[in-house]
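Note that these values count all heavy atoms, side chains included, but never hydrogens, waters or copies made by symmetry. In listed order, ligands and their atoms are each counted from 1.
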Amino acid sequence: MSPLQPATLAAHTPSRDLMRDTTIRRVETRILDVPTIRKHRLSSTSVNCQSYVHVAIQFENGVVGHGEASTLGGPRWAEESVEAIKANIDSYLAPVLLGKPGCQLEAAALLLGKAAKRNFAAKSALDAALLDALGITLDVSAATLLGGAVREKFSVIWALASGDPVQETEEALSKLEAGKFNRFKIKLGFADPSQDISRLAQLRKNLPEQTQIIADVNQAWSEAETIRWLPVLKDLQIDLVEQPLPAEQTAAMARTAARSPIPLMLDEAVFTEEEALAACSEGAGSVLSLKLCKHGSAHALKRVAGIADAAGLQLYGGCLLESSLGAAAHLAVFATLPSLQWGTEHFGPLILESDTTLESLHFEDFHVHLPSGPGLGVQVNPIIATRFDRET
Ligand code: MUC
Ligand code: MG
């Protein structure tokens, strides 16, 4: 191959550089409160409205990328609330990114790590907006930037969480009949275990025999309660039990996992790589739920997944009721994981009264599809974003 002539280089370099100047010029945040189509209950809270922080990052080349930080009912599911996320981005995180190259995602993550401890949801929204802007700039998908997709669609779970067994059964049957969802997660832990389990028994009785049901206890049970109720869950053909014990009780989770007839999934217990390593070494579960709001960036999620994979845990693509924007960021990174045995639960866009993007993620034939197009592959709907903006 003949080398490029210096004259050719001189002719092309300046405009190309200008077009690709990813220096971070502006970061904007807003809180959106989006009503849900029904009450969503979990052990620590109940929501009728899902709150997000939407982040927009503009590069020097004019491109704007978007990201979303999701929470569930204030600082209850984890320590971050939307108010804290917005304040910490505005005061501490955005300032360290301004003027820095937006194409250097790992360098940006290091700066964010120095600027604030934890705050993983806030950091992940910035990371997603950078990925989006960078993908748009280079005309490639976020998944390509993360190593390339090994899957384009994901088997998807729907969560049942109204607490009303009749409503939950009807909801599950309607999802099955519509061909949208054939795997379900039921939220437990907000009532006495025996009450919760009779609710689950009603659901099991009314669904077709082979329907997969998993249960998320959101840290509500003690070791003794979990040991007491796991055999009953086994009889009800529950395939997976998510985070039954408090996140910090790794040793108790490990004891429970060792005698459990059902695989246990770690969720709130694992945010960081160190937590992943400790939980895996102690045998605290057999499956790990991955979420950007826990790990702080797409690359950190991949590292946590790598630790779990190497330790022999199976992987599950978790959610926190993100809209199509946050869900698209998750699917971009989930698409690149070598293993994702449990698919994903990114049903969030369908539980909102209105999605926050112009086009929602595509759900068909019991799968959710990775959007195509540069960056995250979705565009924020300016009308919806304004309608649900807390300030307007
Ligand atoms: C969680 O703990 O998994 C995700 C789905 C859902 O229903 O609740 C969330 C959080
Ligand atoms: Mg969970």
Side-chain angles (χ1 to χ4, degrees), residues 34 36-52 68-81 120-121 124 154 156-164 167-168 171-172 175 181 183-190 196 199-200 203 212-221 226 238-247 253 262-271 275 279 284-295 301 304 308 313-323 326-327 330-331 334 342-352 368:
V34 186
T36 53
I37 54 175
R38 62 144 166 82
K39 179 171 63 179
H40 199 79
R41 295 181 71 183
L42 53 157
S43 69
S44 54
T45 187
S46 169
V47 296
N48 285 306
C49 179
Q50 189 45 0
S51 295
Y52 305 109
E68 176 180 278
S70 182
T71 60
L72 211 44
R76 294 196 185 86
W77 186 86
E79 66 270 32
E80 289 175 277
S81 64
F120 297 118
S124 71
F154 307 78
V156 62
I157 281 186
W158 176 266
L160 301 162
S162 71
D164 172 350
Q167 188 282 337
E168 286 172 348
E171 192 173 290
K175 299 290 174 199
F181 298 86
R183 303 165 62 213
F184 299 93
K185 161 161 156 175
I186 188 165
K187 296 301 243 184
L188 304 181
F190 47 79
D196 260 354
R199 190 178 127 237
L200 169 54
L203 180 71
Q212 183 178 78
I213 307 178
I214 68 169
D216 189 358
V217 190
N218 284 112
Q219 315 185 61
W221 291 352
T226 308
I238 299 306
D239 282 328
L240 184 65
V241 178
E242 180 174 349
Q243 199 65 56
L245 271 61
M253 263 294 266
I262 309 174
L264 299 188
M265 177 155 73
L266 296 153
D267 184 13
E268 292 95 318
V270 174
F271 278 48
E275 287 164 359
S286 316
V287 184
L288 175 66
S289 177
L290 300 160
K291 296 178 180 169
L292 288 172
C293 68
K294 299 195 298 175
H295 314 308
L301 185 152
V304 168
L313 276 74
Q314 294 187 330
L315 298 174
Y316 178 102
C319 87
L320 207 58
L321 271 59
E322 286 82 358
S323 77
H330 281 83
L331 297 191
F334 293 161
W342 288 84
T344 187
E345 61 173 21
H346 270 280
F347 62 93
L350 299 181
I351 204 147
L352 302 176
V368 59

J.: Using distance alone, decide if ligand 1 has a nitrogen or oxygen within less than 3.5 Å of any nitrogen or oxygen in Lys291.
T.: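 There is such a contact, yes.
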J.: Can you tell me if Gly318 contacts ligand 1 (heavy atom of the residue under 4.0 Å from the ligand)?
T.: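 Not so, Gly318 does not reach ligand 1.
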J.: On the 0 to 90° scale, with breaks at 30° and 60°, tag the Tyr316-Trp342 ring pair as parallel, tilted or perpendicular.
T.: tilted
J.: Please name the atom of Asp267, restricted to N, O or S, that is closest to the Mg ion (ligand 2).
T.: OD2
J.: Closer than 3.5 angstrom, by distance alone: can the side chain of His40 be matched with the main-chain N or O of Asn48 as a donor-acceptor pair?
T.: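 No, the answer is negative, given that no donor and acceptor are paired below the 3.5 Å cut-off.
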J.: Atom 9 (C) of ligand 1: which of Gln219, Gln243, Lys187, Arg41 has the nearest heavy atom?
T.: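 Comparing heavy atoms across Gln219, Gln243, Lys187, Arg41, the nearest one to atom 9 (C) of ligand 1 lies in Lys187.
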J.: With a 4.0 Å cut-off on heavy atoms, is Leu42 in contact with ligand 1?
T.: no
J.: Any salt bridge linking Lys294 with Asp267? Criterion: basic side-chain nitrogen under 4.0 Å from a carboxylate oxygen.
T.: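 Answer for the salt bridge query: yes.
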J.: Which of the atoms in ligand 1, numbered in the order shown and given with their element, are less than 4.0 Å from a heavy-atom of Ala159?
T.: 7 (O)
J.: Treating Glu68 as the side-chain partner and Ser323 as the backbone partner, does any N or O pair qualify as donor plus acceptor under 3.5 Å?
T.: yes
J.: Quick check for you: to the nearest 0.5 Å, what is the distance between Glu268 atom CD and Asp216 atom CG?
T.: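 CG of Asp216 is found 6.5 Å from CD of Glu268.
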J.: State whether the side chain of Ser286 and the backbone N or O of Pro263 hold a donor-acceptor pair below 3.5 Å, judged by distance alone.
T.: no
J.: Identify the closest protein heavy atom to atom 7 (O) of ligand 1: which residue and atom is it, and at what distance?
T.: His40 NE2, 2.8 Å
J.: Please write down residue, atom name and distance for the protein heavy atom closest to atom 5 (C) of ligand 1.
T.: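 Result: Glu345 OE2, 3.7 Å.
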J.: Which residue is it: Glu242, Lys187, Arg76, Arg41? I am looking for the one with a side chain to side chain donor-acceptor pair (under 3.5 Å) to Asn218.
T.: Lys187
J.: If I consider every N, O or S atom in Asp216, which one ends up closest to the Mg ion (ligand 2)? I only need its name.
T.: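 Going through the N, O and S atoms of Asp216 one by one, OD2 ends up nearest to the Mg ion (ligand 2).
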J.: Strictly under 2.8 Å, is the Mg ion (ligand 2) approached by any N, O or S atom of Glu268?
T.: no
